[in-house]
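First the proteins, then the strands, lettered A, B, ... as listed; each starts at 1.
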Protein chains: 2
Amino acid sequence: MPDPIRLLLADDHRMLRETLKRSMLDEGFDVVGEASDGQEAVDLADELQPDVILMDVTMPEFDGVEATRRIVERRPEARIVMLTMHADQDVIASAIRAGASGYLVKDCSFDEVAATVREAISGEVSQQVAASMLREAKGLADDAESVITKREIEVLQLIADGCATPEVAEQLFISQKTVKNHLASIYAKLDARDRTQAVLQAVRMGIVRLY
Amino acid sequence: MPDPIRLLLADDHRMLRETLKRSMLDEGFDVVGEASDGQEAVDLADELQPDVILMDVTMPEFDGVEATRRIVERRPEARIVMLTMHADQDVIASAIRAGASGYLVKDCSFDEVAATVREAISGEVSQQVAASMLREAKGLADDAESVITKREIEVLQLIADGCATPEVAEQLFISQKTVKNHLASIYAKLDARDRTQAVLQAVRMGIVRLY
DNA sequence: TACGAATTGGGCCGCACGACCTATGTAGCC
DNA sequence: GGCTACATAGGTCGTGCGGCCCAATTCGTA
């Protein structure tokens with residue numbers, strides 16, 4: 001029998017982390033660590049050098065996509081499988097661009113999780129990921145256009161936190177006009193027509209957190 | 001050794017359902033069924049007569065609180081432990097009024113899950129639930145006020161789905177003015193000042209779904 | 001160096017939105 | 001029969017919001 005695959009789990013919900021850990025151990029994987037936010041995931045990935053990282057998109061500090069970016073930057077050979085609530089095309093594309101090796105929706109079966117982790121090691125990519133990469137290759141502007149900038153994320157997060165335009169402006173030390181400009185840009189990128197839709201889409205994509 | 005506790009799991013995410021099932025089986029519980037939406041939970045509760053139901057608040061068809069209400073209506077002796085993402089006071093209160101025996105945030109440990117299920121059987125209630133009941137007993141209007149009506153939920157869901165006021169009115173065959181009246185009522189109940197905050201709060205509370 | 005992208009701002013316009021008040025019909029309930 | 005809650009709808013008023021124009025600065029990078 002070969003050495004067991006060394007896993008790092010990153011998800012902000014302890015219940016899922018613990019039950020997933022038990023199941024993965026059952027399946028013969030070696031769960032070497034658990035992270036509950038993006039920062040911790042990056043730190044532990046550095047320290048433990050796991051074979052595969054199972055990472056949720058939605059996490060505190062910074063999200064799974066950003067964590068993936070930082071981990072891959074230091075260790076391009078790292079294998080990262082992303083987890084999300086919703087099968088969002090933009091998130092899949094972002095995850096792949098960040099360097100993820102696989103992608104799973106939380107509605108999938110546990111067997112799929114185990115299979116995808118093994119595929120990540122062997123270099124194969126799941127159908128979902130392949131399909132998405134194809135779409136990306138075809139050059140669907142949909143995603144090249146939808147690169148939400150850091151500043152735009154800050155604006156979205158503040159609005160999700162309950163701020164109106166003047167308060168967002170105050171918090172970021174910019175004029176209300178600039179906030180509105182950022183919002184207009186966000187609407188175009190997220191295909192939203194108002195702040196409500198923009199924030200909901202951002203929540204679905206995991207680029208904004210709901211406290 | 002006494003008979004194992006017969007469990008029904010209700011959560012719309014297959015991954016959590018399956019990993020939780022494995023862990024509960026490990027712990028000596030007998031998982032007799034799984035439901036992925038509110039309707040299925042009610043049906044299976046009827047059919048399988050489980051000792052305890054572990055039920056997520058956020059589910060398709062109708063949410064966990066409504067499912068709890070319907071189950072308890074037919075079988076007042078049913079023991080139901082609610083699961084949610086966020087520790088929202090209103091949701092806890094609603095769940096208890098609906099007849100839940102316990103309450104767990106998804107950030108809790110697996111041991112807490114097992115313990116709460118056992119407590120649900122023995123009739124004890126968790127500290128969280130007790131604290132909430134105390135608050136309710138103290139008569140914090142906060143919650144008597146915040147009974148969102150069916151119509152209000154319909155309005156909220158349509159807005160979450162991307163409808164603007166005229167579209168909500170059209171969908172529900174009412175005037176725009178009535179929609180705005182419902183919204184005003186919702187703002188007061190959810191302590192929100194605009195539709196964005198109202199929808200986000202509704203998502204947190206699990207009374208509205210994010211597709 | 002020159003180009004594009006990000007970030008910052010301005011002005012203008014029209015409408016949607018939220019606050020506040022009133023009112024009617026229809027239920028359910030004591 | 002009254003009481004309360006819900007759903008329905010109207011009006012008015014101010015302003016927040018989004019659409020659409022434009023422009024300056026600072027970057028990284030091609």
Side-chain angles (χ1 to χ4, degrees), chain A residues 66 69 73 90 94 97 139 141-202 207, chain B residues 66 69 73 90 94 97 139 141-202 207:
Chain A
E66 180 59 27
R69 208 184 321 276
E73 201 176 299
D90 287 342
S94 300
R97 258 183 285 107
D142 168 58
D143 127 61
E145 290 281 271
S146 65
V147 182
I148 308 295
T149 68
K150 286 178 190 173
R151 202 54 163 172
E152 286 163 358
I153 292 179
E154 289 177 353
V155 171
L156 274 170
Q157 185 63 61
L158 283 169
I159 289 175
D161 291 346
C163 294
T165 304
E167 289 147 19
V168 174
E170 202 185 340
Q171 292 275 317
L172 298 180
F173 304 107
I174 55 179
S175 79
Q176 294 188 31
K177 185 58 222 192
T178 302
V179 174
K180 293 170 78 173
N181 284 342
H182 284 311
L183 279 171
S185 167
I186 290 167
Y187 298 153
K189 292 177 181 176
L190 297 190
D191 192 31
R193 55 177 167 181
D194 54 43
R195 53 191 67 214
T196 304
Q197 287 314 301
V199 170
L200 287 177
Q201 183 61 23
I207 59 183
Chain B
E66 180 59 29
R69 208 185 320 278
E73 201 176 299
D90 287 341
S94 300
R97 259 184 283 108
D142 167 60
D143 126 55
E145 291 280 271
S146 63
V147 182
I148 307 294
T149 67
K150 286 179 190 171
R151 201 56 163 172
E152 287 162 357
I153 292 178
E154 290 177 352
V155 171
L156 275 170
Q157 185 63 62
L158 284 169
I159 289 175
D161 292 346
C163 295
T165 305
E167 289 147 19
V168 174
E170 203 185 338
Q171 291 276 316
L172 298 180
F173 305 107
I174 55 181
S175 78
Q176 295 188 30
K177 186 62 226 211
T178 302
V179 174
K180 293 170 80 172
N181 285 340
H182 284 310
L183 279 171
S185 167
I186 289 166
Y187 298 152
K189 292 177 182 175
L190 297 191
D191 192 30
R193 56 177 166 179
D194 53 44
R195 54 191 65 212
T196 304
Q197 287 313 302
V199 171
L200 287 177
Q201 182 62 22
I207 59 182

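Atom CD in Q176(B) sits about 13 Å away from atom P in dG11(D), given to the nearest Å. Summarising the geometry, the separation between CD on E170(B) and P on dA16(C) is reported as 14 Å, rounded to the nearest angstrom. Spacing between atom OH of Y187(A) and atom C1' of dC20(D) amounts to 15 Å, rounded to whole angstrom units. Whole-Å rounding puts the I186(B) CD1 to dA5(D) C1' distance at 16 Å. dC15(C) atom C1' lies 14 Å from atom CZ of R193(A), rounded to whole Å. Here dA16(C) presents its C1' atom at 13 Å from NZ of K180(A), a figure rounded to the nearest Å. In this structure, CD1 of I153(A) is placed 10 Å from P of dT7(C), rounded to the nearest angstrom. Between the P atom of dA5(C) and the CD1 atom of I148(A) lies a distance of 15 Å, rounded to the nearest Å.
R195(B) has no side-chain polar atom (N or O) that falls below the 4.0 Å cut-off from OP1 or OP2 of dA16(C). The shortest distance between the side-chain N/O atoms of T149(A) and the OP1/OP2 oxygens of dT7(C) is below 4.0 Å. Dashed line: the shortest gap from a side-chain N or O of S185(A) to OP1 or OP2 of dA6(C) is not under 4.0 Å. A close approach under 4.0 Å does not occur between any side-chain nitrogen or oxygen of H182(B) and OP1 or OP2 of dC6(D).
Between the CD atom in E66(A) and the NZ atom in K150(A) there is a gap of 7.0 Å [rounded to 0.5 Å]. Once rounded to the nearest 0.5 Å, the distance linking OG1 of T196(A) with CZ of R195(B) reads 6.5 Å. The line from CD1 of I186(B) to CD1 of I207(B) is 8.0 Å long, rounded to the nearest 0.5 Å. A distance of 6.5 Å separates NE2 of H182(B) from OG1 of T149(B), quoted to the nearest 0.5 Å.
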Take I174(A) and R151(A), measure what side-chain contact (heavy atoms from CB on, under 4.5 Å) needs, and give me the verdict at the end. CA-CA 11 Å; I174(A) 55 179; R151(A) 202 54 163 172; 3.6 Å; yes

Dump the intermediate steps for side-chain contact (heavy atoms from CB on, under 4.5 Å) on L158(A) and E167(A), then the final yes or no. CA-CA 8 Å; L158(A) 283 169; E167(A) 289 147 19; over 6 Å; no

Step by step, would you call K180(B) with T165(B) a side-chain contact (heavy atoms from CB on, under 4.5 Å)? CA-CA 7 Å; K180(B) 293 170 80 172; T165(B) 305; 4.0 Å; yes

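Direction of the helix axis in the helix from dT1(C)-dA30(D) to dT22(C)-dA9(D) shifts by 50° between the two five-pair termini, rounded to 10°.
Taking the side chain of K177(B) as heavy atoms from C-beta on, and the options dG11(D), dG11(C), dT8(C), the nearest nucleotide is dG11(D). Here the side chain of S175(A) is nearest to one of dG10(C), dT7(C), dT8(D), namely dG10(C). Of the candidates dT7(C), dA9(D), dA7(D), the closest approach to any side-chain atom of T178(B) belongs to dA9(D). Relative to the side chain of A164(A), the nucleotides dA19(C), dG10(D), dC17(D) differ in distance, and dC17(D) lies closest.
As rounded to the nearest Å, dC6(D) and dA23(C) have C1' atoms that lie 14 Å from one another.
Side-chain contact check for V168(A) versus L183(A): every heavy-atom pair is 4.5 Å or farther apart.
DNA chain C is contacted by both N181(B) and T196(B); T196(B) maps to the nucleotide lying nearer its 5′ end (nearest heavy atom per residue).
Interface remark: the D194(B) side chain does not form any donor-acceptor pair with the dG16(D) base, using a distance-only criterion of under 3.5 Å.
At a threshold of 4.0 angstrom between heavy atoms, the contacts of T165(B) are confined to the sugar-phosphate backbone, with no base atom among them.
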